[in-house]
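Given the structure is predicted, the values throughout are model-derived calculations rather than measurements. Chain A is the first sequence line, chain B the second, and so forth, proteins listed ahead of strands; every chain is numbered from 1.
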Number of protein chains: 2
Amino acid sequence: MRKSELNRFLDQAQAMCDERGVRLTAQRREVLGIIHAAGQPIGAYEILERMRQGGRKPAPPTVYRALEFLLQEHLIHKLETLHAYVACSHPDHPHASQFLICSQCGEVDELESAGLDGTLSDLARTRGFRPQSHTVEVSGTCAECAQGKSAG
Amino acid sequence: MRKSELNRFLDQAQAMCDERGVRLTAQRREVLGIIHAAGQPIGAYEILERMRQGGRKPAPPTVYRALEFLLQEHLIHKLETLHAYVACSHPDHPHASQFLICSQCGEVDELESAGLDGTLSDLARTRGFRPQSHTVEVSGTCAECAQGKSAG
DNA sequence: CGACACCTGATAGACTGTTACATTATTCGG
DNA sequence: CCGAATAATGTAACAGTCTATCAGGTGTCG
Ligand SMILES: [Zn+2]
Ligand SMILES: [Zn+2]
Ligand SMILES: [Zn+2]
Ligand SMILES: [Zn+2]
């Protein structure tokens, strides 16, 4: 069963929040679980939909508040080009958003490239620009989809 | 007067569209002019607002259709993190979207870094990913704003 | 003129996200 | 434990961004 993997993920998040003195409440944990379980970028209203399957009727602010918290704690990222959210693949330390997004199957691959970070910082500094955060989203075809296409 | 600069920009765009066999109609030209004249990222509804100052009452689809055309022809870019549009600073050849965005004054600086392009392509290829387009938006403080702040 | 492609106008609606205020839950000092 | 302060949640209404759809106009070509 794969549920234990999800639980490990959530427990790790819980432990991190405990350390930081912030509260991963049941609701926030549920939203984080839905995002992680989706395995793909998922929109706020789709999350809302899945929360409603438990009988409750949360409204948009509920999910947006949870998303705001999870973003602050670097447990999820927002994909600006998709208006969707994904679980962070290495939430133990803050970092910028760097993604490969397959336009065919929707899979995303989170990068964490110090080289890319450095290239961007250098570029910025040559312009006298002081960077604070960055968003990198590469759209294209993932390995699996490319293979399937060329083989087919 | 600065109007001649705007006209040169628009005439250049016109020439490029003529070459490509596409039509930079009066309406598209007007939208492109408004975006260029703004000098900063401008939202679709702000464009709409300015178009209405001529007495006409265009509706959202009007401006979105023009924006779609201008994006296709690489005459403008969309800033995904701002939901806003800017004129391309070197529209003579297609290229990916790379921007430094000052969060204080709103100025944007369009990069065109082959090095960044290469770094991204290399990163993608090590994952078997075939990139098609990318969006890079760095948020921070521009040189002027940083200077004003440190001096003040 | 008629047929066709393209552009435009206009209504309505979908999707994404926010404001404002009332209510409930949790924490903490006494 | 009690009560005040703080944090989190519930609820309704709304704002911002973008799209679907249908109808009408313009221009070219034969
Ligand atoms: Zn991450
Ligand atoms: Zn794929
Ligand atoms: Zn450009
Ligand atoms: Zn600035």
Side-chain angles (χ1 to χ4, degrees), chain A residues 13-14 17-18 20-35 38 40-73 75-86 106 135 137, chain B residues 13-14 17-18 20-35 38 40-73 75-86 106 135 137:
Chain A
Q14 185 85 60
C17 288
D18 289 349
R20 298 175 194 168
V22 297
R23 290 168 25 193
L24 184 65
T25 62
Q27 192 141 226
R28 292 166 176 172
R29 188 177 167 110
E30 182 187 9
V31 170
L32 180 57
I34 289 172
I35 294 173
Q40 284 199 349
I42 180 173
Y45 279 69
E46 175 65 25
I47 295 171
L48 210 47
E49 197 67 28
R50 299 192 187 183
M51 289 175 80
R52 281 175 175 154
Q53 290 171 7
R56 284 167 307 115
K57 302 270 185 261
T62 298
V63 66
Y64 279 103
R65 283 191 284 235
L67 290 171
E68 182 184 13
F69 171 86
L70 297 171
L71 285 168
Q72 273 176 3
E73 299 304 321
L75 294 168
I76 63 172
H77 295 281
K78 177 175 184 181
L79 296 178
E80 297 285 351
T81 56
L82 299 179
H83 301 285
Y85 304 82
V86 288
T135 296
E137 295 179 19
Chain B
Q14 185 84 61
C17 288
D18 289 350
R20 297 175 195 169
V22 296
R23 295 179 5 203
L24 184 65
T25 62
Q27 191 140 225
R28 292 166 176 172
R29 189 177 166 111
E30 182 187 9
V31 170
L32 180 57
I34 288 172
I35 295 173
Q40 284 199 351
I42 181 173
Y45 278 69
E46 176 64 26
I47 294 170
L48 211 47
E49 197 68 28
R50 300 193 187 182
M51 289 176 80
R52 282 175 174 155
Q53 290 172 7
R56 283 168 307 117
K57 302 270 186 265
T62 298
V63 67
Y64 279 103
R65 284 191 283 234
L67 290 171
E68 183 184 13
F69 172 86
L70 297 171
L71 285 168
Q72 274 176 1
E73 299 304 321
L75 294 168
I76 63 172
H77 294 281
K78 177 175 183 181
L79 296 178
E80 298 285 350
T81 56
L82 299 178
H83 301 286
Y85 304 82
V86 289
T135 295
E137 296 178 20

Closest to the side chain of B:Pro60, out of D:dT11, C:dT16, D:dT19, is D:dT19

Q. Below 4.0 angstrom from OP1 or OP2 of C:dG17, is there any side-chain N or O of A:His83?
A. yes

The residue, B:Val22 or B:Ala59, whose nearest nucleotide of DNA chain C is more 5′ is B:Val22

Between CZ of A:Arg28 and C1' of D:dA7 the distance, given in whole Å, is 8 Å

A:Leu67 atom CG is separated from C:dG17 atom P, nearest whole Å, by 9 Å

Between CD of A:Glu49 and C1' of C:dA14 the distance, given in whole Å, is 14 Å

Q) Do any side-chain nitrogens or oxygens of A:Tyr85 fall under 4.0 Å of OP1 or OP2 in C:dG17? A) yes

Give a yes/no answer on whether the side chain of A:Lys78 brings an N or O atom under 4.0 Å of OP1 or OP2 in C:dG17. yes

Separation of D:dT17 atom P from B:Leu82 atom CG, nearest Å, is 11 Å

Between CG of A:Leu24 and P of C:dA25 the distance, given in whole Å, is 19 Å

For C:dG9, does OP1 or OP2 lie under 4.0 Å from any side-chain N or O of B:Thr62?
-> yes

B:Glu68 atom CD is separated from D:dT17 atom P, nearest whole Å, by 18 Å

All heavy atoms of B:Phe69 vs all of B:Arg23, minimum pair found to be CZ-O, 3.5 Å

Please examine the side chains of A:Ile47 and A:Leu67, heavy atoms only from C-beta on, and report whether any two atoms are closer than 4.5 Å. yes

Under 3.5 Å, is there a donor-acceptor pair between the side chain of A:Glu137 and the main chain of A:Glu80?
yes

- request: Check the angle between the aromatic planes of B:Tyr45 and B:Tyr64 and answer parallel, tilted or perpendicular using the 30° and 60° thresholds.
  value: perpendicular

Check your understanding: How is A:Phe69 classified with respect to the nucleic acid when contacts are heavy atoms under 4.0 Å: base, sugar-phosphate, or nothing?
Key -> nothing

Sub-4.5 Å side-chain heavy-atom contact between B:Arg52 and B:Pro58 = yes

A:Glu80 atom CD is separated from D:dG16 atom C1', nearest whole Å, by 15 Å

Whether each nucleotide of nucleotides 21-30 of chain D has a protein heavy atom under 4.0 Å at its base (B), only at its sugar-phosphate (S) or at neither (-) is summarised, 5' to 3', as B---------

If only atom types and distance count, is the side chain of B:Glu73 paired as donor or acceptor with the main-chain N or O of B:Cys17 below 3.5 Å?
no

- Could you say whether the aromatic ring of A:Tyr45 and the base of C:dT16 stack, counting only centre distances under 5.5 Å and plane angles under 30°? yes

Rounded to whole Å, CG of A:Leu71 lies from P of C:dG17 at a distance of 10 Å

By nearest-heavy-atom nucleotide on DNA chain C, the more 5' of A:Tyr64 and B:Thr25 is B:Thr25

Between B:Leu79 and B:Pro41 the two heavy atoms that sit nearest each other are CD1-CG, 3.5 Å

